[in-house]
Amino acid sequence: MTTLWRLIVDPIRGAIPLWKVALLYSIVGGGVLSVAMQLAGPTDPVALRVFGLVALSYAAYVTLAAFRCAGNGVPPRLARFVRIAAALSLFMLPLFAYLIVTGRVTFAT
């Protein structure tokens with residue numbers, strides 16, 4: 001298995017510590033995605049919706065990874081807290097996706 005493939009799949013399998021998910025995927029990955037969106041600077045409403053859906057998809061990936069890796073190297077109470085927070089986030093993501101697709105939430109200033 002290649003290194004790139006493992007970087008993508010291991011968090012979903014729950015094979016890495018929670019701190020790596022928080023640091024590498026949430027903070028660094030979210031920052032890279034945010035910078036890429038700022039550099040692209042789309043002004044078209046359709047492009048803004050697409051970027052919003054890409055960001056939500058990445059958020060769902062990171063949230064699922066946090067849920068799966070919650071038991072790796074953290075106390076049981078913290079693992080339970082992370083899993084509850086991740087489950088609540090995953091329930092809310094479809095609502096935000098609907099709001100973005102229907103145009104009720106805009107990213108234009």
Side-chain angles (χ1 to χ4, degrees):
M1 202 179 292
T2 66
T3 304
L4 179 63
W5 182 250
R6 289 191 63 196
L7 280 172
I8 296 169
V9 174
D10 279 353
I12 300 299
R13 290 182 180 161
I16 63 173
L18 183 60
W19 70 267
K20 282 187 180 179
V21 172
L23 181 67
L24 294 178
Y25 295 90
S26 183
I27 295 172
V28 175
V32 168
L33 183 63
S34 180
V35 168
M37 288 179 163
Q38 289 296 319
L39 290 176
T43 56
D44 181 34
V46 175
L48 287 171
R49 287 183 188 149
V50 169
F51 275 118
L53 291 175
V54 167
L56 280 176
S57 299
Y58 185 73
Y61 169 77
V62 171
T63 304
L64 183 61
F67 184 88
R68 296 293 304 256
C69 296
N72 297 343
V74 297
R77 291 182 79 178
L78 180 59
R80 188 176 322 120
F81 174 76
V82 169
R83 286 190 174 123
I84 290 170
L88 290 173
S89 295
L90 286 173
F91 282 126
M92 293 180 69
L93 281 172
L95 170 67
F96 289 122
Y98 169 76
L99 293 174
I100 289 171
V101 169
T102 59
R104 296 177 191 228
V105 173
T106 60
F107 298 102
T109 55

Visitor: Can you name the closest pair of heavy atoms from Ala70 and Val74 and give their distance?
Guide: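 That would be O-CG2, 2.7 Å.
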
Visitor: Write down the atom of Ala66, the atom of Val82, and the distance for their closest heavy-atom approach.
Guide: O-CG1, 3.7 Å

Visitor: Is there a side-chain contact between Tyr61 and Pro11, using heavy atoms and a 4.5 Å cut-off?
Guide: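 Yes, side chains in contact.
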
Visitor: Search all heavy atoms of Ile12 against all heavy atoms of Ala65 and return the closest pair with its distance.
Guide: CD1-N, 4.3 Å

Visitor: Between Thr102 and Tyr98, is there a donor-acceptor pair closer than 3.5 Å when you use the side chain of the first and the backbone of the second?
Guide: yes

Visitor: Mind checking what makes side-chain contact (heavy atoms from CB on, under 4.5 Å) contact with Phe96, not counting sequence neighbours?
Guide: Leu56, Met92, Leu99

Visitor: Linking directly or through intermediates, with side-chain heavy atoms under 4.5 Å: list the remaining ILVMFWY members grouped with Leu39, chain and number order.
Guide: Val35

Visitor: To the nearest 0.5 Å, tell me how far Ile8 CD1 sits from Arg13 CZ.
Guide: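 Result: 11.5 Å between the selected atoms.
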
Visitor: Is Leu4 linked to Ile16 within one hydrophobic cluster, defined over Ile, Leu, Val, Met, Phe, Trp and Tyr using a side-chain heavy-atom separation of less than 4.5 Å?
Guide: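 Linked within one cluster.
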
Visitor: From Asp10 CG over to Thr3 OG1, what is the distance, rounded to the nearest 0.5 angstrom?
Guide: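 Rounded to the nearest 0.5 Å, the CG-OG1 separation comes to 10.0 Å.
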
Visitor: Should Leu95 and Leu90 be counted in the same cluster of Ile, Leu, Val, Met, Phe, Trp and Tyr side chains packed under 4.5 Å apart?
Guide: yes

Visitor: I'd like to check the side-chain contact (heavy atoms from CB on, under 4.5 Å) partners of Pro94; sequence neighbours left out, ordered by chain and number.
Guide: none

Visitor: Do Leu18 and Asn72 have side chains that approach each other closer than 4.5 Å (heavy atoms only, starting at C-beta)?
Guide: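 Result no, sub-4.5 Å side-chain heavy-atom pair not found.
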
Visitor: Using every non-hydrogen atom in the two residues, find where Gly29 and Tyr58 come nearest and quote the distance to one decimal.
Guide: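 Looking at all heavy atoms of both residues, the shortest contact is CA-OH, 3.3 Å.
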
Visitor: So, do Leu33 and Val54 sit near enough that their side-chain heavy atoms are less than 4.5 Å apart?
Guide: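 A side-chain contact under 4.5 Å exists here.
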
Visitor: Provide the closest heavy-atom pair for Gly71 versus Arg83 in the form atom of the first, atom of the second, distance.
Guide: N-NH2, 3.4 Å

Visitor: Can you give me the closest heavy-atom contact between Ser89 and Thr63, atom names plus distance?
Guide: CB-CG2, 3.8 Å

Visitor: Taking side chain as C-beta onward, heavy atoms only, is Tyr25 less than 4.5 Å from Leu7?
Guide: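 SC-SC contact between Tyr25 and Leu7 confirmed.
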
Visitor: When you compare the side chain of Pro17 with that of Lys20, does any pair of heavy atoms fall below 4.5 Å?
Guide: yes

Visitor: Could you check if a side-chain atom of Trp5 sits within less than 4.5 angstrom of a side-chain atom of Thr2, using non-hydrogen atoms only?
Guide: yes

